[in-house]
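Small disclaimer: the values here were computed from a predicted structure and weren't measured.
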Amino acid sequence: MLIPHDTRIALDTVVDLVNTSPESGTGEGLADLAALYDFAERHHISGVGTLGDKDLRAVQDVRSRFAEIFAAPDARTAADLVNGLVAAAGTTPQLTNHDGYDWHVHYFAPDASVADHLAADCGMALAFIVVAGEQERLRRCEAPDCLDAFVDLSRNRSRRYCSSRTCGNRLHVAAYRARRREAAG
């Protein structure tokens, strides 16, 4: 599956945003404005400006709507959710090159709030996944103690864990040890 660079960045951003949710098991990752500023800086969200409590609540709401898309049982449901999210953000597609990045598309208005910025850009990235018939690539980690979201970009759509280094390795080691105990006993 060929994914343009800016779409990949938006997919990484939406995954990280969904994983800030308390439901992910690590607590509220956007508990205050400092956390929101940090998230915006880490993801190079342009034009953030001064943020307030209203922005924090709006981003948390957008995050919940993205989580619904990851949980959608089928492409029709995912498409309806994406359409609602992107429409509410008031998308205004425009080509831009800034901050050392080559030409790419912004889907948000130049004066958009950080929540509308995330809803438009990340929503469109998810829309491209649905349009490509790849909605099943939007997944949650199968580790029993982890609910993190991820986009399975493996060739054969076989990824089961948010991270093969943490969740995947931990479960494989546990299964190995269980087999060894069973063989020894």
N/O donor-acceptor pair under 3.5 Å between [X] side chain and [Y] backbone:
| X | Y | value |
| --- | --- | --- |
| Asp121 | Tyr107 | yes |
| Gln60 | Leu30 | yes |
| Glu134 | Leu153 | no |
| His104 | Asp102 | yes |
| Arg8 | Leu11 | no |
| Thr77 | Pro73 | no |
| Asn19 | Ala149 | yes |

Which atom names give the shortest non-hydrogen contact between [X] and [Y], and what distance separates them?
| X | Y | value |
| --- | --- | --- |
| Ser46 | His106 | OG-CE1, 3.9 Å |
| Ala88 | Asp116 | O-OD1, 4.2 Å |
| Ala109 | Thr92 | CB-OG1, 3.9 Å |
| Val86 | Ala120 | CG2-O, 4.5 Å |
| Glu136 | Gly133 | OE1-O, 3.5 Å |

Does [X] reach the side chain of [Y], with side-chain heavy atoms less than 4.5 Å apart?
| X | Y | result |
| --- | --- | --- |
| Arg140 | Cys162 | no |
| Cys167 | Phe150 | no |
| Asp148 | Tyr161 | no |
| Leu56 | Leu51 | no |
| Ser113 | Asp55 | yes |
| Ser64 | Ser21 | no |

Applying a strict under-4.5 Å side-chain criterion to I, L, V, M, F, W and Y, I'd like to know whether [X] and [Y] cluster together.
| X | Y | result |
| --- | --- | --- |
| Phe128 | Val62 | yes |
| Ile45 | Phe108 | no |
| Val131 | Ile129 | no |
| Leu85 | Val130 | no |
| Val151 | Ile9 | no |

According to the ring-ring contact (aromatic ring centres under 6.0 Å, His included) rule, which pairs have a member within residues 47-91, sequence neighbours left out?
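The answer is none; no pair qualifies.
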Sequence neighbours left out, what passes salt bridge (charged side-chain N to carboxylate O under 4.0 Å, His left out) with Asp152? Give chain and number order.
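For Asp152 the salt bridge (charged side-chain N to carboxylate O under 4.0 Å, His left out) partners, ignoring immediate neighbours, are Arg139.
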Can we say Asp80 and Arg76 salt-bridge, meaning some charged N sits less than 4.0 Å from an Asp/Glu carboxylate O?
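Salt bridge between Asp80 and Arg76, a charged N being under 4.0 Å from a carboxylate O: yes.
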May I ask you to say whether Glu68 pairs ionically with Arg65, meaning some side-chain N is under 4.0 Å from a carboxylate O?
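Here Glu68 does not pair with Arg65 in a salt bridge, since their nearest N and O are not under 4.0 Å apart.
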How many angstroms lie between atom [atom1] of [X] and atom [atom2] of [Y], to the nearest 0.5 angstrom?
| X | Y | atom1 | atom2 | answer |
| --- | --- | --- | --- | --- |
| Arg159 | Cys141 | CZ | SG | 8.5 Å |
| Phe39 | Leu17 | CZ | CG | 4.5 Å |
| Gln135 | Leu126 | CD | CG | 10.0 Å |
| Leu33 | Asp38 | CG | CG | 12.5 Å |

Summary of side chain to side chain donor-acceptor pair (under 3.5 Å) pairs that have at least one residue in residues 28-37, sequence neighbours excluded:
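Qualifying pairs: Glu28-Arg63.
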CZ of Arg42: more than 12 outside heavy atoms within 6.0 angstrom?
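Atom CZ in Arg42 is crowded, with more than 12 foreign heavy atoms closer than 6.0 Å.
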Passing candidate, side-chain contact (heavy atoms from CB on, under 4.5 Å) with His43, options Asp12, Val14, Asp16
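So, applying the side-chain contact (heavy atoms from CB on, under 4.5 Å) to His43 and each of Asp12, Val14, Asp16, only Asp16 qualifies.
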